[in-house]
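Accompanying notes for the structure given below.
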Amino acid sequence: MIMGRRQWATAGLAAAALLMPGLPAVATSSPAPDASASLCPPAAPAVNPAAAGPIRFGIDPGLAGDPLPSLKGPVPVSQTAEDSALRALTPPHRMLAIRLNRLFWSGGNQQLASFARRAAAYGRHGYGVEVQVRYHPTSANNGNLTGWSRWVRHVVDVLGKVHALESLTITNEVN
């Protein structure tokens with residue numbers, strides 16, 4: 001339900017009265033919301049809905065985050081084992097998308113070049129690639145949205161040359 005400023009104030013006073021019994025009672029009334037003025041009217045079903053696109057399956061073959069510190073570093077990846085595992089995960093008659101996550105702005109051109117190499121390598125194995133570009137600035141760039149915009153354009157220029165690239169997600173968390 002979308003509430004206007006007056007409705008929020010009324011709801012806030014009523015909640016305060018319930019939560020703080022020492023406050024004097026407040027009598028409030030507000031008119032019933034006008035459905036025709038709603039910013040979120042009920043959705044009418046489409047007469048001829050379009051068919052949904054095919055389901056895309058994907059995986060990030062990279063290391064998952066570990067909330068606990070470890071004395072051992074990550075085990076090196078066997079490229080042969082990874083290729084075999086990815087082939088086993090590929091659904092029949094479908095393409096498996098490789099999702100390369102956490103391309104940080106603070107990683108700069110060195111991390112970007114690494115992502116471009118990895119994307120091209122997965123493309124040579126027949127996979128489409130999706131890349132998550134994250135706003136994770138250095139302390140010097142924190143809040144510099146003009147710089148962030150330039151960085152995203154630079155990422156598009158560099159990764160756009162990789163034929164396997166299918167999409168970029170410009171976000172911190174998709175969900």
Side-chain angles (χ1 to χ4, degrees), residues 1-5 8 11-12 39-41 43 46 49-175:
M1 177 171 131
I2 296 176
M3 295 196 293
R5 185 178 299 152
W8 274 111
L39 295 177
C40 189
I55 295 175
R56 292 175 54 159
F57 295 90
I59 188 170
D60 178 356
L63 295 173
D66 185 353
L68 301 174
S70 172
L71 296 176
K72 296 187 286 185
V75 176
V77 174
S78 160
Q79 197 60 52
T80 303
E82 181 183 84
D83 293 342
S84 176
L86 290 173
R87 279 193 301 279
L89 286 172
T90 302
H93 312 295
R94 301 217 187 255
M95 185 174 208
L96 181 70
I98 301 298
R99 295 189 175 126
L100 302 178
N101 293 325
R102 298 184 182 109
L103 173 55
F104 294 136
W105 180 18
S106 60
N109 284 317
Q110 183 177 359
Q111 189 181 36
L112 176 56
S114 171
F115 270 63
R117 285 190 302 275
R118 291 173 58 207
Y122 285 118
R124 286 190 294 275
H125 285 92
Y127 297 104
V129 176
E130 301 171 355
V131 175
Q132 176 200 42
V133 183
R134 290 186 64 170
Y135 176 80
H136 189 280
T138 62
S139 58
N141 278 323
N142 195 18
N144 179 357
L145 296 182
T146 301
W148 166 244
S149 179
R150 272 194 305 269
W151 169 251
V152 170
R153 285 187 178 99
H154 177 60
V155 168
V156 169
D157 290 342
V158 171
L159 294 181
K161 295 174 184 172
V162 177
H163 295 292
L165 184 72
E166 292 181 348
S167 68
L168 293 172
T169 304
I170 312 298
T171 184
N172 277 349
E173 297 298 334
V174 169
N175 59 353

Does [X] have any side chain to side chain donor-acceptor pair (under 3.5 Å) partners at least two apart in sequence or in another chain, and if so, which?
{"X": "Asp60", "answer": "Asn101"}
{"X": "Ser106", "answer": "His136"}
{"X": "Glu82", "answer": "Gln79, Tyr122"}
{"X": "Ser149", "answer": "Arg153"}

Task: Backbone N/O of Gly147 and side chain of Asn144: donor-acceptor pair under 3.5 Å - done: yes
Open item on the list: Listing request: all salt bridge (Lys or Arg N to Asp or Glu O under 4.0 Å) pairs with a residue in residues 87-101, at least two apart in sequence or in separate chains.
Closed with: Arg99-Glu130
Who passes side chain to side chain contact (heavy atoms under 4.5 Å, CB included) against [X], sequence neighbours left out?
{"X": "Ser78", "answer": "Thr80, Ala81"}
{"X": "Arg150", "answer": "Thr146"}
{"X": "Leu89", "answer": "Ile59, Leu96"}

Open item on the list: Among residues at least two apart in sequence or on other chains, which ones pass ring pair (Phe, Tyr, Trp, His ring centres under 6.0 Å) with Tyr135?
Closed with: Trp105, Trp148
Output side-chain donor-acceptor pairs under 3.5 Å for residues 160-167, partner residues at least two apart or in another chain, one line each.
from	atom 1	to	atom 2	distance (Å)
Glu166	OE1	Arg56	NH2	2.9

TODO: Please list, chain by chain and in numerical order, all residues satisfying salt bridge (Lys or Arg N to Asp or Glu O under 4.0 Å) with Arg118, sequence neighbours excluded.
DONE: none
Task: Smallest separation among heavy atoms of Tyr127 and Thr90, with atom names - done: CE2-OG1, 3.9 Å
